[in-house]
Number of protein chains: 2
Amino acid sequence: MARPREFNYDDALRGAMEIFWQRGYRGTTLPDLLAAMGMTRGSFYQAFGDKEATYLAALDYYDTAVVSTVVDRLGRCAAPSAVACLLPMFQSSEADTRGCFICNAMVEMGPEHPEAAQKTRAMADRLRRAILSVLEHFASPSPDRTLPETADLILHLYFGKQAMGKAGGAAADWEGRLRSLV
Amino acid sequence: MARPREFNYDDALRGAMEIFWQRGYRGTTLPDLLAAMGMTRGSFYQAFGDKEATYLAALDYYDTAVVSTVVDRLGRCAAPSAVACLLPMFQSSEADTRGCFICNAMVEMGPEHPEAAQKTRAMADRLRRAILSVLEHFASPSPDRTLPETADLILHLYFGKQAMGKAGGAAADWEGRLRSLV
DNA sequence: AGCGTTTAAGACCGAATGGTACAAAACAAC
DNA sequence: GTTGTTTTGTACCATTCGGTCTTAAACGCT
């Protein structure tokens, strides 16, 4: 009945996620965003509202596409140890300067944008629970720490690594470090 | 011989640090910056160059004023245990939404500004060495980890906490967590 | 073919951006 | 008091920002 869309909604949203992930909210100009989404202003504002709404939608997309994948992988991990299951989280390539979108959003938007902060907290909680499920599956008890505490520790290490990784010069033996914790 | 300055260079730089710390580089507009520094455009550009140079100078100021204080305090800490010495680092008030300027700068500028990234790495190294010196002073050996590894772990936890703290809803028992590590 | 509806493209907008130019002002030296 | 030098305040600048508006195009339906 009407002119069909020339863009795919999900593809465009993924493009938005990619560019926001890489450059942050303020670092992404509207032309940047439009190029990444493969559309022009007219279509964009009609379909996505505005830049801010698109950023929040991109956070949701990250939750669905990236966090869910990690959580799933942790949930059905067939590796022989908790360390082996968790290690991939700590082995992002050195050349990847995007870091973790959750971490980026926390730092950039956290204090000034409650809605974005809420989304990042929700995603962090999902990660925390997934880490905990791995620990519980292998049930390695420790006299020093409860498993939820260890999971929270590992989550903090993860975000710390993501933050520091953005400044480069990281590369540590995470396998040894993780083994000393779980 | 000439008209005297009406502003104090160090006070102005401290003001710049405060506002960049709180709002980041891109989140700070020139009017914001000028207000925080207590000066007008003419004086600013003549004395500080431009926004970017001021940001880098603010990072140096943070190193001198904040990091040095923390490092000194760790170096001469009279507390009876490593945990007691390190705990203050993890007890920033909940209401403080600025987080850690190093962490903020790493995430915001890291990938796109090698000079800023280099400064953040240098400051992180200072913190790491200070943490290590505390651990070595109390010399609590562990079969699982070397002391430098533990120091690096604690540094990562610190940045992780700073990043997550910006999204709110933190507050954990860091004393227990630290005790389980050192 | 004509109509109704939605999309696409981009011209256009006011506001805000970081930065410059310039004139007035405040001192020391003489 | 005059001069030389630096600081100060502000008017001004081009550019870019996010966002709107208008027009043409592309369909399904009848």
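A note on names: the letters A, B, ... follow the listed sequences, proteins ahead of strands, and every chain is numbered from 1. Quantities reported herein were computed from a predicted structural model and do not represent experimental measurements. Side chains included, hydrogens not; waters and symmetry mates left out as well; all remaining heavy atoms used.
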*asked:* Let's see if you get this right: which residues in residues 14-24 of chain B place a heavy atom under 4.0 Å from DNA chain C?
replied: none
Side-chain polar contacts of residues 69-86 of chain A - donor-acceptor pairs under 3.5 angstrom, sequence neighbours left out - could you list them?
residue: A:Thr69; atom: OG1; partner: A:Ala65; partner atom: O; Å: 2.6
residue: A:Ser81; atom: OG; partner: A:Ala84; partner atom: N; Å: 3.0

*What is the distance, rounded to the nearest whole Å, between atom CD of B:Glu6 and atom C1' of C:dA26?*
8 Å
*Tell me: CZ of A:Phe48 to C1' of D:dT20, nearest whole Å?*
18 Å
*asked:* Before you tell me yes or no, could you show the steps for A:Glu108 and B:Lys166 under salt bridge (charged side-chain N to carboxylate O under 4.0 Å, His left out), namely the whole-Å CA-CA distance, both residues' side-chain angles and the distance that decides it to 0.1 Å?
replied: CA-CA 8 Å; A:Glu108 182 182 9; B:Lys166 298 206 81 178; over 6 Å; no
*Nearest-Å distance, CG (A:Leu33) to P (D:dT16)?*
18 Å
_Partners passing side-chain hydrogen bond (donor to acceptor under 3.5 Å, both in side chains) against B:Thr150 (at least two apart in sequence or in another chain)_ = B:Arg145
Between the protein and nucleotides 19-25 of chain C, list the N/O to N/O atom pairs that are separated by less than 3.5 angstrom.
residue: C:dG19; atom: OP2; partner: B:Tyr45; partner atom: OH; Å: 3.1
residue: C:dG19; atom: OP2; partner: B:Lys51; partner atom: N; Å: 3.3
residue: C:dG19; atom: O5'; partner: B:Tyr45; partner atom: OH; Å: 3.4
residue: C:dG19; atom: N7; partner: B:Arg41; partner atom: NE; Å: 3.1
residue: C:dG19; atom: N7; partner: B:Arg41; partner atom: NH2; Å: 3.1
residue: C:dG19; atom: O6; partner: B:Arg41; partner atom: NE; Å: 2.5
residue: C:dG19; atom: O6; partner: B:Arg41; partner atom: NH2; Å: 3.1
residue: C:dA25; atom: N3; partner: B:Arg3; partner atom: NH1; Å: 3.2

*Between D:dC17 (C1') and A:Asp32 (CG): distance, integer Å*: 12 Å
*Just grab all the salt bridge (charged side-chain N to carboxylate O under 4.0 Å, His left out) pairs involving residues 21-42 of chain B, residues at least two apart or on different chains.*
B:Arg23-B:Asp32, B:Arg26-B:Glu112
*asked:* Tell me whether A:Lys161 forms a cation-pi arrangement with A:Phe90, defined as NZ or CZ under 6.0 Å from the six-membered ring centre and within 45 degrees of its axis.
replied: no
*Sorted by first residue and then second, give each salt bridge (charged side-chain N to carboxylate O under 4.0 Å, His left out) pair with at least one member in residues 54-70 of chain B; sequence neighbours left out.*
B:Asp60-B:Lys119, B:Asp63-B:Arg126
*A:Met37 CE to C:dA9 P, straight-line distance once rounded to whole Å*: 14 Å
_Whichever of B:Gly38 and A:Pro4 has its nearest DNA chain D nucleotide further upstream toward 5'_ = B:Gly38
_With a cut-off of less than 4.0 Å, is there a side-chain N or O of B:Ser43 near OP1 or OP2 of D:dT8?_
yes
*Round to a whole Å and report the spacing from CZ of B:Arg5 to C1' of D:dT5.*
14 Å
*Can you list the residues that meet the salt bridge (Lys or Arg N to Asp or Glu O under 4.0 Å) rule with A:Glu52, with sequence neighbours excluded?*
none
*Mind jotting down which residue pairs meet the ring-ring contact (aromatic ring centres under 6.0 Å, His included) criterion with at least one end in residues 108-151 of chain B? Sequence neighbours excluded, please.*
none
*Base, sugar-phosphate, or nothing: which does A:Thr40 touch, judged by heavy atoms less than 4.0 Å apart?*
base
_Heavy atoms only, 4.0 Å cut-off, all strands: where does B:Thr28 land among base, sugar-phosphate and nothing?_
sugar-phosphate
*Please name all residues satisfying side-chain hydrogen bond (donor to acceptor under 3.5 Å, both in side chains) with A:Arg179, sequence neighbours left out, ordered by chain then number.*
A:Glu175
*Please give, in whole Å, the distance from D:dT16 P to B:Arg26 CZ?*
15 Å
